[in-house]
Amino acid sequence: MSKAQETVLEINLKALEHNYNYLKSKIKPNCKFLGVVKAYAYGSDSVRISQKLVDLGIDYLAVAYAEEGVTLRNAGIRVPILVLHSQIVSFDTIIERCLEPSIYSERILREFIISAEKHGQKDYPIHIKFNTGLNRLGFNESDIPKIIKILSETNAVKVLSIFSHLAASEDLNEKEFTENQIRSFNTIASQIEAALPYKPFKHLANTSGIINFPEAHLDMVRSGIGLYGFGNDDNEDSNFIPVATLKTNISQIHSLEPNESVGYNRAFTATEKIKTATLPLGHADGIGREYGNGKGVVRIHGQNAPIIGNTCMDMIMVDVTAIDCQEGDEVIVFGQDPTATKFAEGAKTISYELITGISQRVKRVFVD
Ligand SMILES: *Cc1c(COP(=O)(O)O)cnc(C)c1O
């Protein structure tokens with residue numbers, strides 16, 4: 001590992017490979033694998049992550065919005081790309097760049113068919129999304145007759161797959177709810193299969209679905225957070241390696257006397273002599289105000305240094321009274337230890353939010 005001279009997000013592509021292989025070991029050889037690379041590949045780098053996943057033999061990629069798929073196509077990525085939250089304004093882009101839309105409502109279905117017909121398409125691949133309890137995006141089971149009727153009136157599109165999304169696959173207290181979602185999706189699938197002249201493939205499981213619900217693997221699984229090194233569970237986490245490490249270095253050290261304060265609004269006041277370190281990292285980099293005042297704890301030479309006072313835009317100050325350290329020394333914000341899950345806990349949030357929020361100002365460096 002390199003030593004940080006500035007704030008960097010170090011992306012370990014070997015860790016990605018490890019996580020991919022671990023998740024692959026959980027599924028049957030004929031089950032396809034979709035890598036979710038939305039939101040800059042969960043805050044890392046969608047192009048480098050996708051290229052590595054393609055090298056590893058990934059079958060599918062998914063992004064949230066069409067423009068994210070365009071970035072991948074511009075980088076020469078040729079595998080199929082599912083656009084999870086397709087928007088009507090981007091249908092032309094989707095078709096021009098061979099992206100595959102998730103179709104989640106009648107409005108979206110009708111509009112996409114118009115676009116596909118306008119572009120002279122025949123059998124353009126679409127993926128129909130069903131709502132089985134998340135109540136976020138998707139058709140309901142009762143919409144099936146209408147979907148089938150609309151599809152029967154055109155040959156511009158073809159349903160390549162049908163899918164749904166689990167609401168609580170990481171939470172075994174909600175096992176029954178998840179099992180109901182799986183049952184409900186299977187019922188939907190059999191109705192679709194009976195009504196269409198061809199058989200779409202089926203997918204349902206996200207990372208925790210892969211781990212906890214083998215019966216939900218179906219024809220393909222979709223993993224995001226697991227690829228980036230998180231198992232959404234204290235025991236499972238040990239099977240993964242976090243891909244991203246946020247590291248920085250000490251810009252300046254201050255010695256404070258009792259009653260001196262630190263940072264904006266004087267949110268922290270020393271009650272005794274202390275030593276503080278100022279770090280080049282702030283809320284503009286994705287370490288928000290919720291990490292201030294002791295909620296976030298970084299690691300310097302293996303020791304804990306809590307953030308003191310308010311988080312500034314470009315800086316945070318940490319308490320290093322008990323740490324033998326110097327200006328220029330390396331600081332680990334999250335990575336293998338503490339993990340993003342652990343760091344995020346301090347601010348009562350989750351790894352997903354922390355890692356996707358590291359802003360584009362932070363330089364990405366790669367290890368392979
Ligand atoms: C984001 C997303 C995923 C990935 O979920 P993880 O919990 O990160 O594995 C899978 N499917 C859909 C529809 C998603 O939106």
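Order of appearance sets the numbers: ligands from 1, and atoms from 1 within every ligand. Here the structure is a predicted model, which is why all the values come from computation and not from measurement. Side chains are part of it too, since the values below use all heavy atoms of this structure and drop only hydrogens, waters and symmetry mates.
Listed by chain and number, residues touching ligand 1 at under 4.0 Å (heavy atoms only) are V36, K38, Y42, L84, K129, R136, H165, N206, T207, R222, S223, G224, I225, Y352.
For the 3.5 Å distance criterion, the side chains of H254 and T276 fail to qualify, holding no donor opposite an acceptor. Defined by atom type and a distance below 3.5 Å, a donor-acceptor pair is present between the side-chain atoms of N310 and N293. If you check the side chains of Q360 and Y40, you find no donor sitting under 3.5 Å from an acceptor.
When ring centroids are compared, Y104 and H85 come within the 6.0 Å threshold.
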Per-pair distances, 0.1 Å, donor-acceptor, side chain in residues 141-148, under 3.5 Å, sequence neighbours excluded:
residue : atom : partner : partner atom : Å
E141    : OE2  : Q191    : NE2          : 2.7
D143    : OD2  : N140    : N            : 2.7
K146    : NZ   : E106    : OE1          : 3.2

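The minimum heavy-atom distance linking I210 with S223 is given by the pair CD1-CB, 3.8 Å.
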